[in-house]
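Take a look at the structure set out below.
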Amino acid sequence: MIAAALMTAEGMMKFHIENFGCQMNEHDTEKMASLLAGEGMEQVEDAKNADVVIVNTCCIREKAEQKFYSLMGRLRAVKRKKGTIIGVTGCIAQMEKENILERLPFIDFSLGPSNIHKVKEAVDRALRNGPFLDFSENGCNGALLVRPGYGQGTVKAYVTIMKGCNNFCSYCVVPYVRGREASRDSCDVLQEIAALGDKGVKEVTLLGQNVNSYNNTRDDISFPELLRKINGINGIERVRFVTSHPRDLSPELIGCFGRLDKLCEHIHLPFQSGSDKVLNLMNRGYSSDEYIAKVKTLKDRCNDIAITADCIVGFPGEDEEDFRKTMDLIEDIRFDGIFSFVFSPRRFTRASTLPGEVPRAAALERLHHLQKTQREITLAKNKAMEGKRTEVLTEDISKNSKEELAGRTRTNKIVNFHGPHTMMNRLVEVTIVKGYANSLKGTEPKLKEVQVC
Ligand code: SF4
């Protein structure tokens, strides 16, 4: 009987969730919001209007951690004024565990990423008995199985297929805070996606820290087989997945591109460095030549595929020659986009103890050079789309103008175009008239006939 405890004099309690980090976190936030809404609680945009504020954290980079602690300072003041219940969930919670109460003595509950399915209980227990903490980890657990109740009109949805990671890249904290790999049963995944298709969802993004190793350690279907089965689900028109580890990108998976009509022509394939010396220090398990060869096979299979990636500069021991090799790889592949960062040492990781620290100024200079080059490549690729007719799934009003709709191509590029609101949440075709650095401009939108099989 949790619901009774969640009442205030004004009615049901209101909650607000602040999200930091990746799509996995975004989806965990959706799951918690759905569980609390299922108890009758109302989600509000502003923390100041909430009875319960949850901060879903990320500790992948130092900057996200700093932002989190400065937000907590502001929330402490809100709590003093209003008595707000404050919860901290996600990776920082897992990293700090019980110590979190020493650092943030005013919080009321804290859950690791494997325990977010206990959010209702946490709020209830915090209201009755004071602080509630849970950082236990257990394989394919409840957090993985929660299905957020997407509302009417939702066209895009995330579906978690696995969690955790066994790779231990030397800079990465994920295996320590999200635990070892655990995959969801394929039957459960397929049922969830079929239900989403029935509700009108057109695009699903399969989530996992390393989706390529889905079911590697258990007796169930492989990731390419899962993709083939999803390709046959009615209603679903587009399938994406993140994130892929280049070493685990098998020929069978590469062969799915260009062959499965619903699999979008986009892959996010982090390379991290173009130097084999640095890749070795990172414990990535592939060489730059192996990475380039896989990308070339992908492009051979699927001519129009868009490739995006992550890259770290200023990794310990990286010298100018190593950085030049990174730039050579970037100019060779010509990525559609790169998320690039200066190395930030993370607790527990081997890289945080490596010698050869790169001075901050030198690392920043490399980052700026890389980003400038990549901006030019992205712009040239977007300009090359001018005059082409392409499919867009509209999902919002454009950020540029209230008069325009916005959506994404199958290659995951943002397109803004003038069109009637009846085209919202629909598959349309547009002609690209202008390519910019971060988006495309479309015209002559036409609703796309959707073949229902
Ligand atoms: S594969 Fe990805 S999640 Fe796993 S340790 Fe490496 S960087 Fe982290």
Side-chain angles (χ1 to χ4, degrees), residues 20-28 56-65 90-92 94-95 112-114 137 139-140 143-144 158 160-184 205-217 223 240-250 253 267-276 278-288 290-291 294-295 307-316 318 326 329 335 338-354:
F20 287 86
C22 60
Q23 284 148 312
M24 289 285 281
N25 259 27
E26 241 178 75
H27 192 42
D28 285 349
N56 194 22
T57 61
C58 170
C59 61
I60 289 281
R61 272 173 273 282
E62 204 175 4
K63 207 166 169 190
E65 208 176 325
C91 297
I92 293 180
Q94 189 69 33
M95 187 164 74
S114 296
E137 283 178 47
C140 183
L144 204 50
Y158 293 126
T160 316
I161 63 164
M162 56 89 68
K163 65 147 212 152
C165 187
N166 296 347
N167 281 330
F168 289 92
C169 299
S170 68
Y171 53 84
C172 181
V173 73
V174 163
Y176 305 96
V177 292
R178 291 226 173 221
R180 303 297 171 269
E181 270 176 29
S183 298
R184 255 176 92 184
T205 302
L206 310 177
L207 293 179
Q209 255 82 37
N210 180 16
V211 290
N212 298 168
S213 63
Y214 174 72
N215 276 337
N216 266 3
T217 53
F223 186 54
R240 304 182 186 279
F241 57 82
V242 277
T243 284
S244 295
H245 190 295
R247 192 196 49 213
D248 299 322
L249 185 67
S250 65
L253 180 53
I267 186 166
H268 187 71
L269 195 62
F271 66 94
Q272 307 300 10
S273 171
S275 155
D276 291 345
V278 175
L279 286 171
N280 211 16
L281 287 168
M282 289 176 166
N283 192 31
R284 289 290 285 174
Y286 54 85
S287 67
S288 57
E290 284 164 347
Y291 181 90
K294 287 199 177 182
V295 169
I307 318 263
T308 56
D310 297 340
C311 177
I312 298 171
V313 298
F315 191 80
E318 181 193 77
T326 295
L329 186 142
F335 292 94
I338 298 179
F339 296 99
S340 49
F341 309 92
V342 167
F343 168 74
S344 81
R346 303 284 63 213
R347 218 189 303 172
F348 310 127
T349 63
R350 195 154 58 78
S352 66
T353 63
L354 285 176

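All residue numbers refer to positions in the sequence shown, counting from 1. Just so you know, ligand 1 is whichever comes first in the structure, and atom 1 is the first atom listed for that ligand.
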Pair S288-D276, side-chain donor/acceptor within less than 3.5 Å: yes
Closer than 2.8 Å to atom 4 (Fe) of ligand 1 - protein N, O or S atoms, ordered by chain and residue number: C165 SG
Main-chain N/O of L206 paired with R240 side-chain donor or acceptor, under 3.5 Å: no
Geometric class of the Y291/Y286 ring pair [parallel <30°, tilted 30-60°, perpendicular >60°]: tilted
Over 12 non-hydrogen atoms of neighbours within 6.0 angstrom of CZ in F168: yes
Exercise: identify the closest heavy-atom pair between T57 and G90: OG1-C, 3.5 Å
Closest protein heavy atom to atom 7 (S) of ligand 1, given as residue, atom name and distance to 0.1 Å: Y171 OH, 3.5 Å
Atoms in ligand 1 with a heavy atom of R284 nearer than 4.0 Å: 6 (Fe), 7 (S)
Flag for S183-K163: side-chain donor and acceptor within less than 3.5 Å: no
N-O pairing of R346 and E65 below 4.0 Å: yes
